[in-house]
Amino acid sequence: MTTDTDRTRTNMTNTDIRTVLVTGATGRVGRRVVESAEAAGLTVRAASRNGAVRFDWADRSTWADALRGADAAHIAYLPDVGAPGAAEAVGAFARLAVELRVGRLTLLSARGEDQAHATERAVRESGARWTVVRASWFAQNLSEGPLLDGVRGGELVFPAGEVLEPFIDTRDVADVVVAALTGGDRCADRVLDITGPRLLSFRDAVGEISAVTGRDIAYVPVSAKEYGAALAGFGVPPGEAEFLVELFETNLDGRNASLSEGVREVLGRAPRDFADFARESAGAWR
């Protein structure tokens, strides 16, 4: 017997993706997925809590209207793909997508984040054609995210020690997501591991930012627990601070100190280098 799920999976083996829902469309990756998808000729539903296409992970009544009529959806779970409750919410969303015949899904995940595996599994088991994009640390976390104020202020305090990370440009993440959505079977039902082209410590990264801005910016490594205490002092809810401490203690232990060929395999080109990102973003730190 052929089920609706089977038919959805069959229908999504081709490259006939015209309309894509992008959740988290105002985020560091999401807005670049929107740009990349539009450049590829897709019709984009840019969804966010306050946008024209309303979508809120905490309000399930917003999900169906955002999904209905889309051919594919990109999933970015906030606050983090490995956060408590992420697997349940993303699994429910993915199953609803299949019910509404949105059978092609991509999930933004994190390289080396064991906490994210349950969420990845929820998407894989939803019945959709899926691609999990496991990305390394975003270069743009230093120019747009919560670390910007520290870098701009001349001192980045962060619990990364001297660990090496293959910083990736979010534009490359977005291009891989769109290629996965539009590439038919080539990237379907796969986990894509993507990194930048070089390993740098956070001290190295701050040094490259210092060089392009002409400013003396310090890097101050601290323990994850010290960083968590600082977050609590800034008003981060206790549960979220506790999760971040656990995340930094594991994810920043050196497990990601290797490069992958994921970007080149999917896009046919090398990933953007951190030095290029730093030059292009210098104005953010001045």
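FYI, side chains are in, hydrogens and waters are out, and symmetry mates aren't considered; it's all heavy atoms of this structure.
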Contacts table for residues 74-83: side-chain donor-acceptor under 3.5 angstrom, sequence neighbours left out:
residue	atom	partner	partner atom	Å
His74	ND1	Thr106	OG1	2.8
Asp80	OD2	Gly82	N	2.8

Steps toward salt bridge (Lys or Arg N to Asp or Glu O under 4.0 Å) verdict (Asp114, Arg255): CA-CA 11 Å; Asp114 293 344; Arg255 67 183 61 193; 3.2 Å; yes
Identify the two heavy atoms, one from [X] and one from [Y], that lie closest to each other, and give their separation to 0.1 Å.
| X | Y | value |
| --- | --- | --- |
| Ile168 | Gly196 | CB-N, 3.8 Å |
| Leu200 | Phe167 | O-CE1, 3.6 Å |
| Ala94 | Leu105 | CB-CD1, 3.7 Å |
| Thr182 | Leu42 | CG2-CD1, 3.8 Å |
| Ala122 | Gly91 | CB-CA, 3.7 Å |
| Ser126 | Arg95 | CB-N, 4.2 Å |

Under 3.5 Å: donor-acceptor pair, side chain of Ser48, backbone of Gly24: no
Just by modelled atom types, is the Leu142 backbone N or O under 3.5 Å from a matching donor or acceptor in the Trp285 side chain? yes
Partners passing salt bridge (charged side-chain N to carboxylate O under 4.0 Å, His left out) against Asp193 (at least two apart in sequence or in another chain): Arg111
Residues passing the salt bridge (charged side-chain N to carboxylate O under 4.0 Å, His left out) test with Arg198, sequence neighbours excluded, are Glu208, Asp273
About how many Å separate [atom2] of [Y] and [atom1] of [X], when rounded to the nearest 0.5 Å?
| X | Y | atom1 | atom2 | value |
| --- | --- | --- | --- | --- |
| Gln140 | Phe277 | CD | CZ | 5.0 Å |
| Thr170 | Arg32 | OG1 | CZ | 3.5 Å |
| Glu280 | Asp169 | CD | CG | 7.0 Å |
| Arg203 | Glu162 | CZ | CD | 4.0 Å |
| Glu125 | Glu120 | CD | CD | 12.0 Å |
| Glu113 | Ser136 | CD | OG | 13.0 Å |

Under 4.5 Å between side-chain heavy atoms, chaining through other members, with only Ile, Leu, Val, Met, Phe, Trp and Tyr counted: pull out the rest of the cluster around Leu164, sorted by chain and number. Leu199, Leu259
Side chain to side chain contact (heavy atoms under 4.5 Å, CB included) evaluation trace for Val173 with Phe138: CA-CA 9 Å; Val173 180; Phe138 303 150; 4.1 Å; yes
Scan for side-chain hydrogen bond (donor to acceptor under 3.5 Å, both in side chains) pairs involving residues 231-247, sequence neighbours excluded, and state none if there are none. none
Mind checking what makes side chain to side chain donor-acceptor pair (under 3.5 Å) contact with [X], not counting sequence neighbours?
| X | value |
| --- | --- |
| Thr250 | Gln115 |
| Arg272 | Asp172 |
| Asp175 | Ser36, Arg269 |

Pair Ser61, Asp59: side-chain N/O donor-acceptor within cut-off below 3.5 Å: yes
Does a side chain donor of either Thr131 or Arg104 reach within less than 3.5 Å of an acceptor in the other side chain? yes
Do [X] and [Y] sit in the same hydrophobic cluster, where Ile, Leu, Val, Met, Phe, Trp and Tyr count as joined when their side-chain heavy atoms come under 4.5 Å apart?
| X | Y | answer |
| --- | --- | --- |
| Val220 | Val245 | no |
| Leu247 | Val90 | no |
| Val132 | Leu21 | yes |
| Trp57 | Leu107 | yes |
| Leu108 | Leu181 | yes |

Stepwise side chain to side chain contact (heavy atoms under 4.5 Å, CB included) test for Arg31 and Val22: CA-CA 9 Å; Arg31 66 184 178 85; Val22 178; over 6 Å; no
Once salt bridge (charged side-chain N to carboxylate O under 4.0 Å, His left out) is applied, what residue pairs with a partner in residues 219-231 remain, sequence neighbours excluded? Lys225-Glu249
Qualifying salt bridge (charged side-chain N to carboxylate O under 4.0 Å, His left out) pairs, either residue in residues 38-52, two or more places apart: none
Would a 4.5 Å heavy-atom cut-off, applied to side chains only, mark Arg18 and Thr43 as touching? no
Taking side chain as C-beta onward, heavy atoms only, is Ile194 less than 4.5 Å from Glu265? no
Look at the aromatic rings of Tyr219 and Phe202 and report parallel, tilted or perpendicular, splitting at 30° and 60°. parallel
Where does the angle between the aromatic ring planes of Phe55 and Trp63 fall among parallel (under 30°), tilted (30 to 60°) and perpendicular (over 60°)? parallel
Donor-acceptor list for residues 227-236 side chains, cut-off 3.5 Å, not counting sequence neighbours:
none

Which atom pairs, one a donor and one an acceptor, fall under 3.5 Å between side chains of residues 145-160 and the rest of the protein, sequence neighbours left out?
residue	atom	partner	partner atom	Å
Arg152	NE	Ala284	O	3.0
Arg152	NH2	Ala284	O	3.0

